[in-house]
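Data first, discussion second: the structure below is written as structure tokens.
Proteins come first, then strands; the chains are lettered A, B, ... in the order of their sequence lines, and each starts at number 1.
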2 protein chains.
Amino acid sequence: MTAADKRAESKAKYNAFLAVCPSQKLLDRISDKWVTLIVTALGSGPDCSGDPRAMRYSELARTLAGVSPKMLTQTLRSLELDGLVSRTATPTVPVTVTYELTDLGLSLLQLIRGLKSWAETHMDEVLANRDLAVGHSA
Amino acid sequence: MTAADKRAESKAKYNAFLAVCPSQKLLDRISDKWVTLIVTALGSGPDCSGDPRAMRYSELARTLAGVSPKMLTQTLRSLELDGLVSRTATPTVPVTVTYELTDLGLSLLQLIRGLKSWAETHMDEVLANRDLAVGHSA
DNA sequence: CAGTATCCAGCTAGATACTG
DNA sequence: CAGTATCTAGCTGGATACTG
């Protein structure tokens, strides 16, 4: 029992450490599919080329074709909460709302572009290994 | 109906695009909590300092205190499949198995260290924004 | 236009117990 | 030591329908 308790305790400590670890928090953030897509969209449309620009809610919804209003709002809110995007509501007749990357968001965009670049140079190799193994069983 | 069909179609196309997109695949990979932890562990123990080294199964299990054998094996297998780690079984009396980063794995390690570095410089700012908003309601 | 509210289904991490 | 097998519970994404 004591040995089991020790294990349980070190596990709890480790989990506590992970809960605080900045890297894990970052991973939690960007592992959300829509986070990266929204950031890159605001960073210049879906193809990641061009300059950052503000976009309206419906514009984002159209660009990220598969997103439900729920996820779009939820993700935008969390990004706003984290100071990564800023929301601007203009009181026109139907209200106009735009979202834009903050400086912090732009910094994250650079990081994501780094990921993208690694992915483009190395993921084919990863997939090649995977397919190789699959072909094995054929 | 036709408008709805159009929307459904573009959504399907977008999802298909995402399924193929190298960046999304990379994100899928590293968003797995244990993937990054194992890679950094093999990259030098849990604190990410020091040099990459091979580790035994039980050594990994001890380092990643909270991991179940199931997840550890599952993650190691997938990393092996993707050519990110190599598995070596030495036929000693109880068999000895070690895992080590491949070149591709080492490359991924560099990327993860980049993430870690961004996290350490910027996540406190993100969290500060978040806490600010929380404090609001207090 | 820019959301909000609700409900449901699928995946998957984790616990646990057993094995060559 | 180095795993494999099974079961379950919880979270989360998606669909849908409605609103200021």
Side-chain angles (χ1 to χ4, degrees), chain A residues 1 3-5 7-8 10-12 14-15 18-19 24 27-38 54-81 85-100, chain B residues 1 3-5 7-12 14-15 18-19 24 27-29 31-38 54-81 85-100:
Chain A
M1 286 302 168
D5 286 351
R7 249 176 284 125
S10 61
K11 181 185 296 188
Y14 192 70
N15 285 334
L18 288 181
Q24 285 301 315
L27 253 354
D28 278 353
R29 223 64 252 293
I30 63 179
S31 67
D32 181 340
K33 174 183 169 186
W34 299 116
V35 165
T36 52
L37 291 172
I38 289 177
M55 290 177 79
R56 301 179 60 170
Y57 183 91
S58 52
E59 212 175 347
L60 282 167
R62 232 172 303 116
T63 304
L64 314 176
V67 74
S68 62
K70 175 189 166 187
M71 289 314 295
L72 184 52
T73 301
Q74 184 175 305
T75 310
L76 285 169
R77 288 282 182 277
S78 70
L79 290 173
E80 198 190 349
L81 189 64
V85 308
S86 62
R87 192 188 107 114
T88 311
T90 312
T92 48
V93 163
V95 63
T96 304
V97 179
T98 61
Y99 294 91
E100 191 168 13
Chain B
M1 286 301 166
D5 286 351
R7 251 177 283 124
E9 192 188 314
S10 61
K11 180 185 297 188
Y14 192 70
N15 284 336
L18 288 181
Q24 285 300 316
L27 253 354
D28 279 353
R29 224 62 253 293
S31 69
D32 181 341
K33 173 184 170 185
W34 300 116
V35 165
T36 52
L37 291 172
I38 289 177
M55 289 178 80
R56 301 179 59 171
Y57 183 91
S58 51
E59 213 176 346
L60 282 167
R62 232 172 303 118
T63 304
L64 315 176
V67 74
S68 63
K70 176 189 164 185
M71 288 316 293
L72 184 52
T73 302
Q74 185 176 304
T75 310
L76 284 169
R77 288 281 183 278
S78 72
L79 289 173
E80 198 190 347
L81 188 64
V85 308
S86 62
R87 192 188 107 114
T88 313
T90 313
T92 48
V93 163
V95 64
T96 304
V97 180
T98 62
Y99 294 90
E100 191 167 13

### Message
For B:L18, give me all partners under side chain to side chain contact (heavy atoms under 4.5 Å, CB included), at least two apart in sequence or on another chain.
### Response
A:K33, A:L37, B:Y14, B:N15, B:Q24
### Message
Tell me every residue that passes side-chain hydrogen bond (donor to acceptor under 3.5 Å, both in side chains) with B:S78, counting only those two or more places apart in sequence or in another chain.
### Response
B:R29
Using atom names, set out every protein N or O paired with an N or O of nucleotides 17-20 of chain D below 3.5 Å, distance rounded to 0.1 Å.
none

#### Entry: A:R56 vs C:dA2: side-chain N/O to OP1/OP2 distance below 4.0 Å
yes
### Message
A side-chain contact here means heavy atoms from C-beta on lying under 4.5 Å apart; do A:W34 and A:V67 qualify?
### Response
yes
### Query
Taking it one step at a time, do B:M55 and B:T63 satisfy side chain to side chain contact (heavy atoms under 4.5 Å, CB included)?
CA-CA 10 Å; B:M55 289 178 80; B:T63 304; 3.4 Å; yes
### Message
Measure CG/A:L76 against C1'/C:dC1 and give the value in whole Å, please.
### Response
14 Å
### Message
Between C1' on C:dG14 and CG on A:L18, what's the gap in Å once rounded to a whole number?
### Response
15 Å
### Qualifying residues under side-chain hydrogen bond (donor to acceptor under 3.5 Å, both in side chains), relative to A:Q74, sequence neighbours excluded
none
### Query
Can you tell me how far P of D:dG3 sits from CD of B:E59, to the nearest Å?
13 Å
### Task
Would you mind classifying the nucleic acid contact of B:T96 as base, sugar-phosphate or nothing, using non-hydrogen atoms under 4.0 angstrom?
sugar-phosphate
### Query
Under 4.0 angstrom, heavy atoms only, what part of the nucleic acid is A:T73 near: base, sugar-phosphate, or nothing?
base
### Query
Which residue pairs pass the salt bridge (charged side-chain N to carboxylate O under 4.0 Å, His left out) test with at least one member in residues 58-67 of chain B, sequence neighbours excluded?
B:R53-B:E59
### Message
If the condition is side-chain hydrogen bond (donor to acceptor under 3.5 Å, both in side chains), which residues does A:T73 pass it with, not counting sequence neighbours?
### Response
A:Y57
### Task
Mind checking side chain to side chain contact (heavy atoms under 4.5 Å, CB included) for A:A54 and listing every partner two or more places apart, or none if nothing turns up?
A:T98, A:E100
### Query
Do any pairs count as a side-chain hydrogen bond (donor to acceptor under 3.5 Å, both in side chains) and have a residue in residues 87-96 of chain B, sequence neighbours left out, and if so which ones?
B:T92-B:T96
## Note on the structure
Rounded to 10°, the helix from C:dC1-D:dG20 to C:dG20-D:dC1 deviates from straight, judged by its five-pair end axes, by 50°
#### Entry: B:S10: side chain to side chain contact (heavy atoms under 4.5 Å, CB included) partners, not counting sequence neighbours
A:A65
#### Entry: Summary of protein contacts for nucleotides 7-15 of chain D, nucleotide by nucleotide, where a base hit scores B, a sugar-phosphate-only hit scores S (4.0 Å, heavy atoms)
B-----BBB
### For atom CG of B:L64 and atom C1' of C:dG14, their distance in whole Å
15 Å
### Task
Give the rounded distance in Å between these two atoms: CZ of A:R87 and C1' of C:dG3.
9 Å
### Task
Let me know the distance between CE of A:M55 and P of C:dG3, rounded to the nearest Å.
14 Å
### Task
Could you grab the distance from atom CE of A:M71 to atom CD1 of A:I38, nearest 0.5 Å is fine?
8.5 Å
### Query
How close or far is atom C1' of C:dA13 from atom CD1 of B:I38, stated in whole angstroms?
14 Å
### Message
Could you tell me how far apart B:Y99 (OH) and D:dC1 (P) are, to the nearest whole angstrom?
### Response
14 Å
